[in-house]
S.K.: 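One structure coming up, written as structure tokens, with questions to follow.
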Amino acid sequence: MQQSLSIAKEIRVDEKTVRESFADQQRGINQKVRLKAGQCMAIVRVKAFHGERYAVLNPALGILTDWIESTGKKDLTRRLKALSESDSVKRVGVGFDLEVISCVKEAFPNATPFIDPLAVHASLETGIRRALAALREQMTPYERRKLARAVKVLGAAKERLGGPPGAAAEVLAQQPALEEAYGFQWTVMSMFNSPSGACRCSLRAAEAIDKAIDDLSVEAAHWHGDFLEQWKSWRQMILNALERGEGMGFVWGQTDERELGKLIEAQGRGQAMGAVRAKLLFPPSAPAFSISTPGISLQRMRAQLQARP
């Protein structure tokens, strides 16, 4: 908005005329430029520019390849269909979102959709937060401070704690219900953590998760209720993430919805979203029509954000 106002004042025309001119230019780019998709792509719902958007990433390369200004099904389907060589897309990572799945199947009928571990981890984190909230209600202020320090260590852990006992291990020893909640999360996420994940048979992974669910106490099952329901409904799509192939990659481990929203927003606060998108996908140093795989790396976006005063 500020950009349109400043241009309108400089060239002495109505601001509406400037906005319409930008919109016409953006529509022309969308019609003429055909972006080349990778073998694996991911679609993540993020909050940026005072609303929800869709970020499209190439997780194998760690780059943001596009972002869509709204979360409407029509806009998402249209943008996905605009991708050239759509047959090259073999796998699409998504969250627990039926509308996105529907768009993906319509745009890429031959691709295999899978639940990115990012969404699985977020669901399990909901269970952890419920467990922590329940325990805090029963604790003294000192115990709560001790728990807060332990949670920082536990949140960064990807498996059961090993090595010499520390404060976090001590808290788990004193709170077996919390240890059970974290243990379930680590068991599920270990299916995706393993560097030899391609060798993990989805049948064996399913059996391991089923056993972990059966072993949950009533209390822990209540805390992780969201994931248990999702496991019933989305079981095969969760397991599809284990069928690794060429060009396969996850958003999980590279970024998350919160950081991704901040990185996108930091690229052009106060500017028109179409102009920000064009700057992200088509750097000024290269002609737009010469770029077959546009985008900006997550690493570069972080560097630009850190460099800001």
Side-chain angles (χ1 to χ4, degrees), residues 26 29-30 33-49 52-69 71 76 79-80 82-86 88-95 100 104 108 111 114-119 121-122 156 158 192-193 195 197 241 244-309:
Q26 185 64 38
I29 291 175
N30 288 341
V33 178
R34 292 293 177 261
L35 313 183
K36 182 179 179 181
Q39 290 184 311
C40 179
M41 69 187 306
I43 302 169
V44 182
R45 188 190 290 256
V46 299
K47 289 185 178 179
F49 298 105
E52 290 192 324
R53 324 286 173 192
Y54 283 127
V56 182
L57 298 99
N58 183 326
L61 299 179
I63 63 174
L64 175 76
T65 58
D66 203 351
W67 69 282
I68 300 162
E69 295 87 341
T71 54
L76 178 59
R79 188 68 60 80
L80 293 180
L83 292 171
S84 67
E85 301 181 21
S86 58
S88 68
V89 179
K90 305 300 181 187
R91 297 183 179 278
V92 183
V94 297
V100 173
V104 167
F108 308 111
F114 66 90
I115 301 298
D116 194 287
L118 177 72
H121 186 262
K158 294 184 178 181
F192 311 105
N193 277 329
R244 309 280 181 89
E246 185 180 355
M248 180 74 162
F250 298 144
V251 176
W252 178 64
Q254 298 191 61
T255 186
D256 56 38
E257 297 96 329
R258 186 175 181 181
E259 185 201 32
L260 193 52
K262 287 182 177 180
L263 292 176
I264 292 173
E265 197 173 57
Q267 293 292 315
R269 291 190 182 97
Q271 298 183 31
M273 287 188 288
V276 177
R277 176 177 176 262
K279 183 178 72 173
L280 284 172
L281 305 186
F282 308 106
S285 58
F289 296 97
S290 71
I291 302 175
S292 60
T293 308
I296 181 170
S297 72
L298 298 174
Q299 184 177 358
R300 182 180 172 190
M301 292 174 77
R302 289 191 189 99
Q304 290 177 349
L305 181 59
Q306 292 171 359
R308 289 177 180 272

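One-based numbering along the sequence shown. Please read these numbers as outputs of a predicted model, since none were measured by experiment.
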S.K.: So which atom in Cys40 and which in Pro59 form the shortest heavy-atom distance, rounded to 0.1 Å?
M.R.: O-CD, 3.6 Å

S.K.: Would you mind reporting whether Asp256 and Leu118 have side-chain heavy atoms less than 4.5 Å apart?
M.R.: yes

S.K.: Evaluate the criterion side-chain contact (heavy atoms from CB on, under 4.5 Å) for residue pair Val46 and Glu265; output intermediate values, then yes/no.
M.R.: CA-CA 10 Å; Val46 299; Glu265 197 173 57; over 6 Å; no

S.K.: Taking the side chain as every heavy atom from C-beta outward, state whether Ile63 and Arg300 have any pair of such atoms under 4.5 Å apart.
M.R.: no

S.K.: Nearest 0.5 Å please: distance from the CZ atom of Arg91 over to the CE atom of Met248.
M.R.: 5.0 Å

S.K.: With rounding to the nearest 0.5 angstrom, report the CG to CZ distance, Leu263 to Arg258.
M.R.: 12.5 Å

S.K.: Find the distance between CD1 (Ile68) and CZ (Arg53) and round it off to the nearest 0.5 Å.
M.R.: 11.5 Å

S.K.: Give the C-alpha distance, both sets of side-chain angles, the deciding distance and a yes or no for side-chain contact (heavy atoms from CB on, under 4.5 Å) between Asp66 and Tyr54.
M.R.: CA-CA 9 Å; Asp66 203 351; Tyr54 283 127; over 6 Å; no

S.K.: List the atom of Ala42, the atom of Val251, and the distance in Å for their closest heavy-atom pair.
M.R.: CB-CG2, 3.4 Å

S.K.: Of all the heavy-atom pairs spanning Ala55 and Ile264, show the shortest one and how long it is.
M.R.: CB-CD1, 4.1 Å

S.K.: Is atom CD of Glu52 surrounded by more than 12 heavy atoms (other residues, nucleotides or ligands) closer than 6.0 Å?
M.R.: yes

S.K.: My understanding is that only residues two or more places apart in sequence, or in another chain, count here; which of them pass side chain to side chain donor-acceptor pair (under 3.5 Å) with Glu259?
M.R.: Thr255, Arg302

S.K.: What are the two closest heavy atoms between Ala241 and Phe250, and how far apart are they?
M.R.: O-CZ, 3.3 Å

S.K.: How close do Val89 and Val92 get, counting heavy atoms only, and between which atoms?
M.R.: CG1-CG2, 3.6 Å

S.K.: How are the rings of Trp252 and His121 set relative to one another: parallel (under 30°), tilted (30 to 60°) or perpendicular (over 60°)?
M.R.: tilted

S.K.: Do any N or O atoms from the side chain of Thr65 and from the backbone of Val56 form a donor-acceptor pair under 3.5 angstrom?
M.R.: yes

S.K.: Just verifying a value: how many Å separate Leu64 CG and Asn58 CG, rounded to the nearest 0.5 Å?
M.R.: 10.5 Å

S.K.: Measuring from Met301:CE to Leu260:CG, what's the distance to the nearest 0.5 Å?
M.R.: 6.5 Å

S.K.: Shortest non-hydrogen contact from Phe108 to Leu80?
M.R.: CZ-O, 3.8 Å

S.K.: Can you tell me how far CD of Gln254 sits from CG of Leu57, rounded to the nearest 0.5 angstrom?
M.R.: 8.0 Å

